[in-house]
Amino acid sequence: HFTPLNPWLDESIDKVNAYFDWLGGNLRDSEEFVNVAVLHPIRSAYFTYQHGKPSSTEELDNALLGLANRLAEDQIGFHFLDETLLKKYGFVEGHKIGCGKCSYEYLILPKLYTMDKETESFLRAFIKGGGKVYLADEKPKYLEGKPYGYDYLESNVSWDDLRLAQPYRLETDGGVLYSTYRKSETGDFIVVLNISDTDTINARLSV
């Protein structure tokens, strides 16, 4: 917090504010480059939830958190794709699936039990158009809560394919860095975050 009792305030507050003004302005005036979407499993959470038993969704929670962390640690930018918004604003154009103003070349299915019929229709069209799908777990077994085969559904890309589809690589000698690739009128840039409070991390960046 900012108070005159902090001895660094008078000497450094202008530098701190200037830095975050600069960072915030660059983020505001740029767009994140993301070509990977993760279908959010909230429908599956409703499907398995038992009142009074938070642990009924623990398996889904842990699987999704593990996937998100793995993507972030491997510097793979991603967005969650929500089924309600997909139904309202979704589209498939050839080998891309999109929602609103965003479109994606790769779709990851996390641990899922079920999905909506509209989502399944988008998924089928996406695969038919040459879309790239990665199954992080077994394919779902239900459609709107009823048994369904998904005979056509299987991974057609590997995890390495997802990594190689990114415009840069950031590798460390230990420790975790998160990053995002940004595109702006003045040029592309990468924001890198060291999430440790104590560790200095050496990294190699290739673009």
Side-chain angles (χ1 to χ4, degrees), residues 19-20 22-24 26-28 30-45 48 54-55 57-83 85-86 95-100 102-113 115 123 126 131-140 153-184 187-207:
Y19 169 76
F20 282 105
W22 170 83
L23 178 62
N26 276 284
L27 292 174
R28 177 198 62 209
S30 63
E31 291 187 3
E32 183 183 22
F33 171 84
V34 176
N35 59 4
V36 175
V38 176
L39 186 65
H40 198 283
I42 188 64
R43 290 289 191 275
S44 295
T48 58
S55 61
T57 61
E58 185 174 354
E59 188 176 25
L60 279 175
D61 290 340
N62 292 337
L64 185 61
L65 180 60
L67 174 63
N69 286 339
R70 186 184 179 193
L71 286 164
E73 291 171 14
D74 268 355
Q75 320 304 322
I76 300 173
F78 68 96
H79 290 162
F80 286 120
L81 200 56
D82 177 78
E83 290 192 65
L85 295 177
L86 185 66
H95 66 286
K96 292 186 177 183
I97 187 170
C99 186
C102 298
S103 62
Y104 312 94
E105 297 178 58
Y106 298 84
L107 178 63
I108 297 177
L109 298 188
K111 188 175 187 64
L112 291 171
Y113 304 129
M115 67 177 70
L123 179 61
F126 176 62
K132 301 176 177 68
V133 178
Y134 178 82
L135 273 62
D137 204 285
E138 295 180 355
K139 61 185 178 182
L153 184 56
E154 60 183 23
S155 293
N156 56 19
V157 293
S158 67
W159 189 267
D160 282 341
D161 292 329
L162 298 175
R163 293 173 71 247
L164 292 171
Q166 307 311 305
Y168 70 100
R169 292 299 312 144
L170 185 67
E171 298 176 299
T172 74
D173 57 2
V176 178
L177 298 176
Y178 291 167
S179 63
T180 173
Y181 189 91
R182 316 287 301 189
K183 302 180 77 68
S184 75
D188 298 353
F189 61 96
I190 299 167
V191 178
V192 182
L193 174 66
N194 179 354
I195 66 171
S196 171
D197 293 331
T198 57
D199 296 339
T200 297
I201 299 175
N202 295 317
R204 295 171 297 281
L205 175 66
S206 57
V207 180

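This is a predicted model, so every value here is computed, not measured.
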> Which pair of heavy atoms, one from P41 and one from P110, lies closest together, and at what distance?
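Shortest heavy-atom contact: CD-CG, 4.2 Å.
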> Between A45 and L60, what is the shortest heavy-atom contact and its length?
N-CD1, 3.4 Å
> Would you be so kind as to tabulate the donor-acceptor pairs closer than 3.5 Å made by side chains of residues 168-176, with sequence neighbours excluded?
{"from": "Y168", "atom 1": "OH", "to": "S179", "atom 2": "OG", "distance (Å)": "2.5"}
{"from": "R169", "atom 1": "NH1", "to": "D74", "atom 2": "O", "distance (Å)": "3.1"}
{"from": "T172", "atom 1": "OG1", "to": "G174", "atom 2": "N", "distance (Å)": "3.3"}
{"from": "T172", "atom 1": "OG1", "to": "G175", "atom 2": "O", "distance (Å)": "3.2"}
{"from": "D173", "atom 1": "OD2", "to": "N202", "atom 2": "ND2", "distance (Å)": "3.4"}

> Taking the six-membered ring for Trp, are W22 and Y19 parallel (under 30°), tilted (30 to 60°) or perpendicular (over 60°)?
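Answer is tilted, since the angle falls between 30° and 60°.
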> Has S44 got a side-chain atom pairing as donor or acceptor with Y113's backbone, closer than 3.5 angstrom?
yes
> Using side chain to side chain contact (heavy atoms under 4.5 Å, CB included), reason through F33 and N35 one step at a time and then give a plain yes or no.
CA-CA 7 Å; F33 171 84; N35 59 4; 3.9 Å; yes
> Would you give the length of the straight line joining atom SG of C99 to atom CG of D82, rounded to the nearest 0.5 angstrom?
7.5 Å
> List the atom of G77, the atom of V36, and the distance in Å for their closest heavy-atom pair.
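What the structure gives for the nearest pair is O-CB, 3.5 Å.
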> Under the side chain to side chain contact (heavy atoms under 4.5 Å, CB included) rule, what do S184 and N26 come out as? Steps first, then yes or no, please.
CA-CA 8 Å; S184 75; N26 276 284; 5.9 Å; no
> Return the NZ to CD distance between K183 and E32, rounded to the nearest 0.5 Å.
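Atom-to-atom, K183:NZ and E32:CD are 12.0 Å apart.
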> On a heavy-atom basis, which atom in V34 and which in F78 lie closest, and how many Å separate them?
CG1-CA, 3.5 Å
> So, the side chain of Q75 versus the backbone of E73: is there a donor-acceptor pair under 3.5 Å, distance only?
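The answer is yes, because a donor-acceptor pair under 3.5 Å joins these two groups.
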> Any chance you could measure L107, atom CG, to I97, atom CD1, to the nearest 0.5 Å?
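Output value for this atom pair is 5.5 Å.
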> Would you say L205 and V192 make side-chain contact, with heavy atoms under 4.5 Å?
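Side chain of L205 against side chain of V192, heavy atoms only: no contact under 4.5 Å found.
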> Without swapping roles, check the side chain of D188 against the backbone of Y181 for a donor-acceptor pair under 3.5 Å.
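Not confirmed, D188 side chain does not pair with Y181 backbone.
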> Roughly how far apart are L71 CG and I108 CD1, rounded to 0.5 Å?
4.5 Å
> Once you round to the nearest 0.5 Å, how far does OH of Y104 lie from CG of L81?
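Interatomic distance, Y104 OH to L81 CG, rounded to 0.5 Å: 6.5 Å.
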> Would you check, one step at a time, whether the test side chain to side chain contact (heavy atoms under 4.5 Å, CB included) holds for Y178 with N69?
CA-CA 9 Å; Y178 291 167; N69 286 339; 3.8 Å; yes
> Just by distance, do the side chain of T48 and the backbone of T57 share a donor-acceptor pair under 3.5 Å?
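Side chain of T48 to backbone of T57: no pair is present.
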> Shortest non-hydrogen contact from F126 to E105?
CZ-O, 3.6 Å
> What residue among D161, V38, V157 forms side-chain contact (heavy atoms from CB on, under 4.5 Å) with Y134?
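Between Y134 and the candidates, side-chain contact (heavy atoms from CB on, under 4.5 Å) is satisfied uniquely by V157.
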> Could you go through V191 and R182, starting from their C-alpha distance and side-chain angles, then the distance that decides it, and tell me whether this counts as side chain to side chain contact (heavy atoms under 4.5 Å, CB included)?
CA-CA 8 Å; V191 178; R182 316 287 301 189; 4.3 Å; yes
> Please name all residues satisfying side-chain contact (heavy atoms from CB on, under 4.5 Å) with E83, sequence neighbours left out, ordered by chain then number.
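Per chain and number, E83 pairs via side-chain contact (heavy atoms from CB on, under 4.5 Å) with L39, R43, M115, D116, T119.
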> Look up atom NE2 in H40 and atom CG in L112, then write down how far apart they are to the nearest 0.5 Å.
10.5 Å
> Looking only at atom types and distance, does a side-chain atom of N156 sit under 3.5 Å from a main-chain N or O of V133, one as donor and one as acceptor?
yes
> Determine whether more than 12 heavy atoms belonging to other residues, nucleotides or ligands lie under 6.0 Å from atom NZ of K96.
no
> Please find the pair of heavy atoms, one from L64 and one from F80, that lie closest to each other, and give the distance.
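Minimum heavy-atom separation between L64 and F80: CD1-CE2, 3.8 Å.
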